[in-house]
Protein chains: 2
Amino acid sequence: MDKIFAKHNNTKELILDAAEALLQDRGFSAFSYHHVAQQLGVKNAAIHYHFPSKADLGTALIRRYRARFRDYTRTLERENADPISKLECYFAIPASYLQNGRKICPLGILEAEFNAIPEPMQLESRLLDKEMRDWLAGVIGEGRSLGVFSFEGSAVGKVLVVAAALQGVLQITRVAGPQVFAATIEQIKRELGIF
Amino acid sequence: MDKIFAKHNNTKELILDAAEALLQDRGFSAFSYHHVAQQLGVKNAAIHYHFPSKADLGTALIRRYRARFRDYTRTLERENADPISKLECYFAIPASYLQNGRKICPLGILEAEFNAIPEPMQLESRLLDKEMRDWLAGVIGEGRSLGVFSFEGSAVGKVLVVAAALQGVLQITRVAGPQVFAATIEQIKRELGIF
DNA sequence: GTCTATAACGTGATAGAC
DNA sequence: GTCTATCACGTTATAGAC
């Protein structure tokens with residue numbers, strides 16, 4: 001679980017950490033180089049040295065989300081985790097966002113602002129969504145064929161409902177309070193036949 | 001259904017129409033008075049005449065969403081619509097957003113940008129969420145007690161999963177294409193026991 | 001009610017010193 | 001690698017003419 005928020009010491013990673021927090025807190029359009037610089041105690045020119053344009057920063061951010069998710073799932077694979085454990089780990093991601101200051105799913109904000117973000121970020125967002133949803137489809141399909149998950153309909157539809165509900169409920173939390181998250185997770189589990 | 005996108009002739013409503021489209025297309029931070037003015041063929045000072053500050057414009061926008069939803073549900077009540085019809089009408093709202101240029105749920109963008117929007121807009125967003133989710137809870141509870149809906153778990157959890165999934169899938173549509181919407185609706189219906 | 005003009009500010013970005 | 005200084009631009013907002 002530590003790996004989800006692993007921190008590093010070099011400046012580039014610290015910039016990404018600050019930008020990541022700002023992205024999931026305020027959105028892409030609403031955070032600036034000045035915000036990032038302030039949080040690190042440097043001037044905005046220092047940020048431009050590491051990431052010349054905001055598109056560069058945003059793209060690097062999404063690439064890091066992708067790499068992190070890939071590493072995370074590979075670790076689960078190496079440990080031969082069962083479908084239920086994998087699903088719990090998947091739920092742990094939004095749960096950690098919520099606990100960390102009511103942050104929302106990065107894909108949620110990127111998709112919501114989709115028509116206002118640079119094209120390279122749009123492309124990376126597509127890849128992040130595909131990779132995460134494909135992985136979840138594998139877990140849910142595997143769990144169903146092993147008999148640990150039970151649900152009606154297609155696996156594709158089920159994956160969409162689960163992924164969309166998690167993304168949506170993190171946002172709803174902002175206006176309705178954190179208790180809606182637990183209620184949603186419980187309902188999702190129930191509808192996967194996990195008691 | 002016409003009422004969802006009812007148009008009017010006075011300038012104030014035309015401004016709100018343009019701003020509404022921009023909000024659901026680009027988000028609040030990423031649209032400007034200039035964008036609105038351009039779409040109406042006027043100068044931005046004209047917009048400031050009707051809505052002095054951007055917070056005023058945003059707040060009026062959300063108030064209009066609330067009024068529209070209230071009128072819509074009252075009409076359904078007056079027509080003695082059954083729970084299934086009501087649910088179909090509820091699904092018709094995001095469906096119309098999708099068809100109208102892949103717009104997303106206004107609550108989705110407002111919640112995603114929540115920490116970057118003016119406080120009056122935050123308050124109105126809370127009310128909009130509460131009103132919509134309370135209404136949906138009534139429909140789902142009524143349908144369950146009438147035996148037309150069947151599902152496991154609590155009605156509160158069910159409402160959250162349905163509302164969050166719809167909000168989320170409109171966003172996912174942006175990166176994954178419109179076909180994911182139909183698949184999600186189908187899955188949601190199946191899990192409500194509607195065949 | 002809409003216009004022109006302009007102010008005040010924040011933002012993304014660059015040049016060049018250290 | 002970070003700084004100061006500065007630029008060009010978009011944005012919110014206001015004043016006053018029409």
Side-chain angles (χ1 to χ4, degrees), chain A residues 7-62 109-110 112-122 124, chain B residues 7-62 109-110 112-122 124:
Chain A
K7 302 283 183 245
H8 307 262
N9 280 327
N10 55 78
T11 308
K12 211 159 180 171
E13 291 294 318
L14 289 173
I15 292 171
L16 288 172
D17 291 339
E20 178 175 318
L22 283 162
L23 176 77
Q24 292 178 245
D25 185 59
R26 304 172 47 88
F28 187 74
S29 304
F31 87 80
S32 70
Y33 272 68
H34 183 68
H35 290 130
V36 178
Q38 218 171 6
Q39 205 165 314
L40 268 79
V42 295
K43 300 301 171 181
N44 69 6
I47 316 296
H48 278 286
Y49 170 80
H50 294 279
F51 301 97
S53 78
K54 202 181 173 188
D56 294 324
L57 175 55
T59 305
L61 214 43
I62 311 176
I109 186 70
L110 292 167
E113 294 188 280
F114 197 74
N115 297 325
I117 63 177
E119 199 189 314
M121 290 180 63
Q122 295 180 333
E124 287 292 327
Chain B
K7 302 282 184 248
H8 307 262
N9 281 325
N10 55 79
T11 308
K12 211 159 180 171
E13 291 295 317
L14 288 173
I15 292 171
L16 287 171
D17 290 340
E20 177 175 318
L22 283 163
L23 176 77
Q24 291 179 244
D25 185 60
R26 303 172 47 86
F28 187 75
S29 304
F31 88 79
S32 70
Y33 272 68
H34 183 68
H35 290 129
V36 178
Q38 218 171 5
Q39 205 164 315
L40 268 78
V42 295
K43 300 299 171 182
N44 69 7
I47 316 296
H48 278 286
Y49 171 79
H50 295 279
F51 300 97
S53 78
K54 202 181 174 188
D56 294 325
L57 175 55
T59 305
L61 214 43
I62 311 175
I109 186 69
L110 292 167
E113 295 187 278
F114 196 74
N115 297 326
I117 62 177
E119 200 189 314
M121 290 180 62
Q122 295 180 333
E124 287 292 327

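Because the structure is a prediction, the values reported are computed rather than measured. Just so it is clear, the values below take in all heavy atoms, side chains as well, and ignore hydrogens, waters and symmetry mates. Just so we're on the same page: letters track the sequence lines, and every chain starts at 1.
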If the cut-off is 4.0 Å, is S32(B) near the phosphate of dG10(D), judged by side-chain N/O to OP1 or OP2? no
State which of dT11(D), dA13(D), dC3(D) makes the closest approach to the side chain of H34(B). dT11(D)
Will you find, in the side chains of D56(A) and T59(A), an N or O donor that is under 3.5 Å from an N or O acceptor? no
Is A46(B) touching bases, backbone alone, or none of the nucleic acid, heavy atoms closer than 4.0 Å? sugar-phosphate
When you measure from the side-chain N and O atoms of K43(A) to the phosphate of dC3(D), is any distance below 4.0 Å, counting only OP1 and OP2? no
I want to check one thing: is the phosphate of dT2(C), taken as OP1 and OP2, less than 4.0 Å away from some side-chain N or O of T11(B)? yes
Write down the distance between NZ (K12(A)) and P (dG1(D)), rounded to a whole number of angstrom. 9 Å
Measure CG/N10(A) against C1'/dT2(D) and give the value in whole Å, please. 16 Å
Is Y49(B) near enough to dG1(C) that one of its side-chain N or O atoms lies under 4.0 angstrom from OP1 or OP2? yes
Without decimals, in angstroms, what is the distance between I47(A) CD1 and dA13(C) P? 13 Å
Can you check the I117(A) CD1 to dG12(C) P distance for me, whole Å? 15 Å
Rounded distance in Å - NE2 (H48(B)) to P (dA8(C)): 16 Å
Between atom OH in Y33(B) and atom P in dC9(D), what is the gap in whole Å? 25 Å
Between C1' of dT2(D) and CD1 of I15(A), the distance in whole Å: 11 Å
Please determine whether a side-chain nitrogen or oxygen atom of H50(B) lies at a distance below 4.0 Å from atom OP1 or OP2 of dT2(C). yes
Nearest heavy-atom approach of L16(A) to A60(A) is CD2-CB, 4.0 Å
